[in-house]
Student: 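Quick one: structure below, then a few questions.
All figures in this text were calculated on a predicted structure; none of them were measured in a lab.
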Amino acid sequence: METKEQIRKKIIQSRNQMTSAEVSEKSSIIVQKVLKTPEYEEANNILLYADYRHEVMTREIFDDAVLHKKKVFFPKSNADCTMDFYQVVSVKQLESGYKGIKEPVPDERYLYHYDRTDDNLIIVPGVAFDMQGYRIGYGKGFYDRFLQDKRQMTVMGLCFSSQIVEEIPHNQYDIRMDKIVTEEILYSFLRI
């Protein structure tokens, strides 16, 4: 089995070869699938990411969520590789942050507080995903740390079909997706 680093390098290289038009077209197909999932439709809170370097584009999800009066939160990364999410009502509230990724300006009034009784959906990016629902990010563990104590939250990964691999090495700290949405297939994984 390839190491996480080998998979990461190969998939990033492949993803970077996509044209902006391909990224946009495939992202739009993925977004339409996301908007039709019961997990999205029922969620009160959507924890979303600002796309970066040919990741699946999320602007249409943001626009739809705001239109449907859902609360939308974006991550702000911290120096200790943790994240806090802040509510955003306009993309103008996002500014260049960690590695140039768009992030909200921290404001305690808009800090996300996890409540297991809410319908929470977190939509996560990834470099690669496998057929068992595991993902590889950029290697810092931001999302795995954030999700460690929030297992009632629905976790949905977005990626292009070229980012799906057979198997990713994983350990007990790696969080498994509930769903992975690509332009070709929507994968669902049962929790055991």
Student: By ring-ring contact (aromatic ring centres under 6.0 Å, His included), which residues pair with Tyr134, not counting sequence neighbours?
Tutor: His170
Student: For Glu108, enumerate each residue passing the side-chain contact (heavy atoms from CB on, under 4.5 Å) test, keeping only those at least two apart in sequence or located in another chain.
Tutor: Tyr86, Leu111
Student: Could you list the residues that satisfy side-chain contact (heavy atoms from CB on, under 4.5 Å) with Ser90, not counting sequence neighbours?
Tutor: Lys92, Gln93
Student: The criterion is salt bridge (Lys or Arg N to Asp or Glu O under 4.0 Å); which residues satisfy it with Arg15, sequence neighbours excluded?
Tutor: none
Student: Is there a donor-acceptor contact under 3.5 Å from the side chain of Ser27 to the main chain of Val23?
Tutor: yes
Student: Is it true that a side-chain atom of Gln13 and a backbone atom of Lys10 form a donor plus acceptor pair closer than 3.5 Å?
Tutor: no
Student: Who passes ring-ring contact (aromatic ring centres under 6.0 Å, His included) against Phe142, sequence neighbours left out?
Tutor: Tyr98
Student: Who passes side chain to side chain donor-acceptor pair (under 3.5 Å) against Arg109, sequence neighbours left out?
Tutor: Asp107
Student: Using 4.0 Å as the upper bound for N to carboxylate O, is an ion pair formed by Lys102 and Glu95?
Tutor: no
Student: Check the pair Tyr143, Tyr49 against ring-ring contact (aromatic ring centres under 6.0 Å, His included), reporting the backbone distance first and the verdict last.
Tutor: CA-CA 11 Å; Tyr143 280 94; Tyr49 66 91; 7.6 Å; no
Student: Is a side-chain N or O of Glu25 found less than 3.5 angstrom from the main chain of Glu22, in a donor-acceptor match?
Tutor: no
Student: Side-chain atoms of residues 61-73: list all donor-acceptor pairs with protein atoms under 3.5 Å, sequence neighbours left out, distances to 0.1 Å.
Tutor:
{"from": "Asp63", "atom 1": "OD1", "to": "Arg59", "atom 2": "NE", "distance (Å)": "3.1"}
{"from": "Asp63", "atom 1": "OD2", "to": "Arg59", "atom 2": "NE", "distance (Å)": "3.4"}
{"from": "Asp64", "atom 1": "OD1", "to": "His68", "atom 2": "ND1", "distance (Å)": "3.4"}
{"from": "Asp64", "atom 1": "OD2", "to": "Tyr40", "atom 2": "OH", "distance (Å)": "2.6"}
{"from": "Asp64", "atom 1": "OD2", "to": "His68", "atom 2": "ND1", "distance (Å)": "3.3"}
{"from": "His68", "atom 1": "ND1", "to": "Asp64", "atom 2": "O", "distance (Å)": "2.9"}
{"from": "Lys70", "atom 1": "NZ", "to": "Tyr40", "atom 2": "O", "distance (Å)": "2.9"}
{"from": "Lys70", "atom 1": "NZ", "to": "Glu41", "atom 2": "O", "distance (Å)": "3.0"}
{"from": "Lys70", "atom 1": "NZ", "to": "Ala43", "atom 2": "O", "distance (Å)": "2.8"}

Student: State which residues pass side-chain contact (heavy atoms from CB on, under 4.5 Å) with Asp178; sequence neighbours excluded, sorted by chain then number.
Tutor: Thr154, Val155, Arg191
Student: Kindly say whether Gly137 contributes a backbone atom to a donor-acceptor pair with the side chain of Arg8 at under 3.5 angstrom?
Tutor: yes
Student: Sequence neighbours left out, what pairs pass side-chain hydrogen bond (donor to acceptor under 3.5 Å, both in side chains) with at least one residue falling in residues 155-164?
Tutor: Ser161-Glu183, Ser161-Glu184
Student: Sort and list the pairs that fulfil salt bridge (Lys or Arg N to Asp or Glu O under 4.0 Å) and have at least one residue in residues 161-175, not counting sequence neighbours.
Tutor: Lys4-Asp174
Student: Test your reading of the model: is there a side-chain donor-acceptor pair from Asn78 to the backbone of Cys81, 3.5 Å cut-off?
Tutor: no
Student: Assess whether atom NZ of Lys99 is packed by more than 12 heavy atoms of other residues, nucleotides or ligands within 6.0 Å.
Tutor: no
Student: Could you tell me which residues satisfy side-chain contact (heavy atoms from CB on, under 4.5 Å) with Asp149, sequence neighbours excluded, listed by chain and number?
Tutor: none
Student: Looking at side-chain heavy atoms only, is the closest gap between Pro169 and Met1 below 4.5 Å?
Tutor: yes
Student: For the residue pair Phe85 and Phe146, does the interplanar ring angle fall in the parallel (under 30°), tilted (30 to 60°) or perpendicular (over 60°) class?
Tutor: tilted
Student: Report yes or no: does Arg176 contribute a side-chain atom to a donor-acceptor pair with the main-chain N or O of Gln132 at less than 3.5 Å?
Tutor: yes
Student: Identify each donor-acceptor pair in which a side-chain atom of residues 115-122 lies under 3.5 Å from a protein atom, sequence neighbours left out, and give them as a table.
Tutor:
{"from": "Asp115", "atom 1": "OD1", "to": "Thr117", "atom 2": "N", "distance (Å)": "2.9"}
{"from": "Asp115", "atom 1": "OD1", "to": "Thr117", "atom 2": "OG1", "distance (Å)": "2.6"}
{"from": "Asp115", "atom 1": "OD2", "to": "Thr117", "atom 2": "OG1", "distance (Å)": "3.3"}
{"from": "Asp118", "atom 1": "OD2", "to": "Asn45", "atom 2": "ND2", "distance (Å)": "3.3"}
{"from": "Asn120", "atom 1": "OD1", "to": "Asn45", "atom 2": "ND2", "distance (Å)": "3.0"}
{"from": "Asn120", "atom 1": "OD1", "to": "Tyr112", "atom 2": "OH", "distance (Å)": "2.9"}
{"from": "Asn120", "atom 1": "ND2", "to": "Asp115", "atom 2": "O", "distance (Å)": "3.0"}
{"from": "Asn120", "atom 1": "ND2", "to": "Asp118", "atom 2": "O", "distance (Å)": "3.2"}

Student: Give a yes or no on whether Leu186 and Phe160 share a hydrophobic cluster (residues Ile, Leu, Val, Met, Phe, Trp, Tyr; joining criterion: side-chain heavy atoms under 4.5 Å apart).
Tutor: yes
